[in-house]
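Heads up: the structure comes next, in structure tokens.
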Amino acid sequence: MQGELAAQAEWDYAPAPESRDIVSIAPEYGLFIDGEFVPAADGRQFATLNPATEEPLAQVADAGEADVDRAVAAARAAYERVWGPMPGAERAKYLYRIARLLQERSREFAVLESLDNGKPIKESRDVDIPLAAAHFFYHAGWADKLEHAGFGPSPRPLGVAGQVIPWNFPLLMAAWKLAPALAAGNTCVLKPAETTPLSALLLAEVCQQAGLPPGVLNVTTGAGSTGAALVSHPGVDKIAFTGSTEVGKEIQRAVAGTGKRLTLELGGKAANIVFDDAPVEGAVEGIVNGIFFNQGHVCCAGSRLLVQESVADAVLGRLRDRLGTLRLGDPLDKNTDIGAINSRQQLDKIRALSDAGEAEGAERWSPPCQLPDRGYWFPPTLFTGVSQSHRIAQEEIFGPVLSVLTFRTPDEAVAKANNTPYGLSAGVWTEKGSRILWMAQRLRAGVVWANTYNRFDPTSPFGGYRESGFGREGGRHGLAAYLNA
Ligand code: NDP
């Protein structure tokens with residue numbers, strides 16, 4: 001009994017909250033157009049909340065068609081007069097400056113991102129912000145080398161890029177979109193997600209601080225209708241979108257026949273495949289990272305675990321033990337593993353799909369876990385006894401919910417992994433290098449991780465097939481999407 005108590009005491013963590021004093025959130029934010037913060041033409045605003053407490057954080061300008069039009073005109077003027085003609089080596093200096101300012105102000109960005117999004121501070125601090133800075137550093141390096149990048153002797157920018165991003169990695173998705181576009185000489189109009197506008201607006205402030213010429217970056221905050229106005233604006237040359245497959249299809253229809261260039265990074269339902277020769281502890285960490293990182297709000301999340309039948313009980317036993325150690329709660333606490341769900345709407349979707357999983361006959365399990373009284377929360381959840389036809393095996397849940405299926409042979413693993421309309425990512429856990437290569441050749445996914453999961457690097461192209469979209473972001477391939485070669 002005493003031993004038990006001692007073990008219990010050993011695992012109790014004292015609260016370790018990051019201070020929010022480093023961030024000063026204004027009561028109101030304007031749109032960022034032509035280098036200045038301005039109200040929406042019709043004065044409309046919307047509130048952004050802290051999803052961990054439901055406390056309103058700020059009122060943000062809601063851009064309508066007239067504002068989008070102004071932003072596109074500012075981007076066009078900046079493209080023609082300043083940014084397009086500027087030598088790459090000069091553009092690079094601005095991108096390096098933005099990257100360094102992101103690093104200098106990284107704590108401020110991390111706290112703001114966790115407040116507005118609900119993600120744990122250790123993830124915003126150690127993943128989102130450093131990777132966002134890395135994207136600016138990496139692309140700054142390309143700005144003066146585009147003629148040597150294999151796109152012909154004088155690749156040209158496209159013009160004005162309209163970029164629509166989701167709420168799961170607000171700053172990082174902004175960096176993925178802006179850094180290559182700006183490095184290649186385009187100017188940008190960015191539409192952040194309605195529930196997470198604040199870090200994009202702080203990035204706009206950083207661009208002011210870096211002396212970026214007015215109009216090169218414009219941020220039009222608002223809802224889906226703002227995104228739709230941007231997508232259909234005739235003054236935009238290129239659309240880049242990350243978000244749901246449903247909206248991606250709408251955008252593809254809107255852009256069809258206009259001559260605009262388009263890249264779509266959409267949903268996923270990735271298989272994380274564990275073979276019987278995989279080191280179990282490592283695989284369990286990879287499974288946890290695959291689906292519980294960022295509350296599972298990850299397009300490439302390993303949301304279907306395919307585990308070889310002979311080791312299923314052993315792997316699931318360890319996995320349940322490991323899930324029992326995850327700490328859910330205050331996103332600003334440095335010990336927190338699972339933060340808040342980003343919005344009421346997303347929580348409702350996760351609940352509905354999880355209820356469908358139970359109704360269709362799968363077995364639901366969560367570790368004992370106290371959910372806070374206020375805010376949007378969902379416990380880490382495991383479904384066993386899942387069959388391929390279940391909705392939880394087919395649809396993107398976009399939450400901390402793992403569907404477990406088993407297989408007997410590598411062929412069966414491939415068939416089950418590919419039995420999805422998506423094709424964004426996959427994971428393979430095995431000791432054998434030859435098996436990794438065999439699997440990677442057969443898995444229909446844009447990214448295949450071997451004995452790791454959710455690894456991102458600006459040098460590495462990322463993107464999908466089929467309903468996961470088309471085009472690549474990152475690396476040389478990502479640059480191609482912003483150039484007329
Ligand atoms: P959406 O695809 O609706 O949103 C992504 C971005 O597009 C947001 O900025 C959104 O604005 C904007 N948008 C919405 N409608 C339009 C439109 N008609 N034209 C142009 N832009 C538009 O995703 P949600 O955030 O609503 O999430 C819904 C589901 O999508 C999730 O449950 C998840 O399954 C999936 N998803 C997948 C992501 C991925 O990376 N694969 C990322 C996010 C979501 P606003 O925020 O104001 O609605």
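Each ligand, and each atom within it, is numbered from 1 in the order the structure gives.
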Residue portion contacting ligand 1 (non-hydrogen atoms closer than 4.0 Å) for [X]:
{"X": "Ser225", "result": "neither"}
{"X": "Lys349", "result": "side chain"}
{"X": "Leu266", "result": "backbone"}
{"X": "Gln346", "result": "side chain"}
{"X": "Ile165", "result": "backbone"}

Should [X] and [Y] count as side-chain neighbours, where that means a heavy-atom distance under 4.5 Å?
{"X": "Asp128", "Y": "Leu171", "answer": "no"}
{"X": "Val206", "Y": "Gln209", "answer": "yes"}
{"X": "Ile273", "Y": "Leu443", "answer": "yes"}
{"X": "Asn168", "Y": "Asn342", "answer": "no"}
{"X": "Tyr482", "Y": "Arg261", "answer": "no"}

What residue and heavy atom of the protein are closest to [atom], and at what distance?
{"atom": "atom 35 (C) of ligand 1", "answer": "Glu396 OE1, 3.5 Å"}
{"atom": "atom 28 (C) of ligand 1", "answer": "Ser244 CB, 4.3 Å"}
{"atom": "atom 45 (P) of ligand 1", "answer": "Lys191 NZ, 3.6 Å"}
{"atom": "atom 38 (C) of ligand 1", "answer": "Phe398 CZ, 3.4 Å"}
{"atom": "atom 18 (N) of ligand 1", "answer": "Glu250 OE1, 3.0 Å"}
{"atom": "atom 12 (C) of ligand 1", "answer": "Val164 CG1, 3.6 Å"}
{"atom": "atom 16 (C) of ligand 1", "answer": "Val247 CG1, 3.4 Å"}
{"atom": "atom 13 (N) of ligand 1", "answer": "Gly224 CA, 3.7 Å"}

Below 4.0 angstrom from a heavy atom of [X], which ligand 1 atoms are there? Numbered from 1 as shown, please.
{"X": "Trp167", "value": "24 (P), 25 (O), 27 (O)"}
{"X": "Ala193", "value": "9 (O), 46 (O)"}
{"X": "Cys299", "value": "39 (C), 40 (O), 41 (N)"}
{"X": "Gly222", "value": "47 (O)"}
{"X": "Thr242", "value": "5 (C), 40 (O)"}
{"X": "Gly227", "value": "19 (N), 20 (C), 21 (N)"}
{"X": "Pro192", "value": "9 (O)"}
{"X": "Ala223", "value": "11 (O), 47 (O)"}

(message) Any salt bridge linking Arg107 with Glu18? Criterion: basic side-chain nitrogen under 4.0 Å from a carboxylate oxygen.
(response)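 Judged by the 4.0 Å cut-off on N to carboxylate O distance, Arg107 and Glu18 do form a salt bridge.
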(message) Taking Arg76 first and then Asp237, would you say they form a salt bridge - that is, a charged N and a carboxylate O separated by under 4.0 Å?
(response)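 A salt bridge links Arg76 with Asp237.
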Between [Y] and [X], do the side chains contain a donor N or O and an acceptor N or O under 3.5 Å apart?
{"X": "Lys177", "Y": "Thr242", "answer": "yes"}
{"X": "Thr220", "Y": "Thr226", "answer": "no"}
{"X": "Asp116", "Y": "Ser199", "answer": "no"}

(request) Give a yes or no answer on whether the side chain of Arg364 reaches the backbone of Phe383 with a donor-acceptor pair at less than 3.5 Å. (result) no
(request) Please confirm whether Ser468 comes under 4.0 Å of ligand 1, counting heavy atoms of the residue only. (result)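 The answer is no, since Ser468 has no heavy atom less than 4.0 Å from ligand 1.
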(message) Regarding atom 19 (N) of ligand 1: of the candidates Gly248, Ala228, Gly162, Cys300, which has the closest heavy atom?
(response) Ala228
(request) Only heavy atoms count here, so choose which of Phe169, Tyr422, Phe241 is nearest to atom 7 (O) of ligand 1. (result) Phe241
(request) Quick one: sort the Phe456 and Trp449 rings into parallel, tilted or perpendicular, breaks at 30° and 60°. (result)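 If you compare the ring of Phe456 with that of Trp449, the planes turn out perpendicular.
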(request) Classify the angle between the aromatic ring planes of Trp167 and His297 as parallel (below 30°), tilted (30 to 60°) or perpendicular (above 60°). (result)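 Ring orientation of Trp167 relative to His297: perpendicular.
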(request) Ignoring hydrogens, tell whether any protein atom lies closer than 4.0 Å to atom 41 (N) of ligand 1; use the non-hydrogen atoms only. (result)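 So far as the 4.0 Å threshold goes, atom 41 (N) of ligand 1 is in reach of a protein heavy atom.
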(message) Nearest 0.5 angstrom please: Arg466 CZ to Tyr422 OH, how far?
(response)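 Result: 11.0 Å between the selected atoms.
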(message) Is there a ring pair (Phe, Tyr, Trp, His ring centres under 6.0 Å) between Trp176 and Phe169? Walk through the geometry before answering.
(response) CA-CA 10 Å; Trp176 276 31; Phe169 293 93; 8.2 Å; no
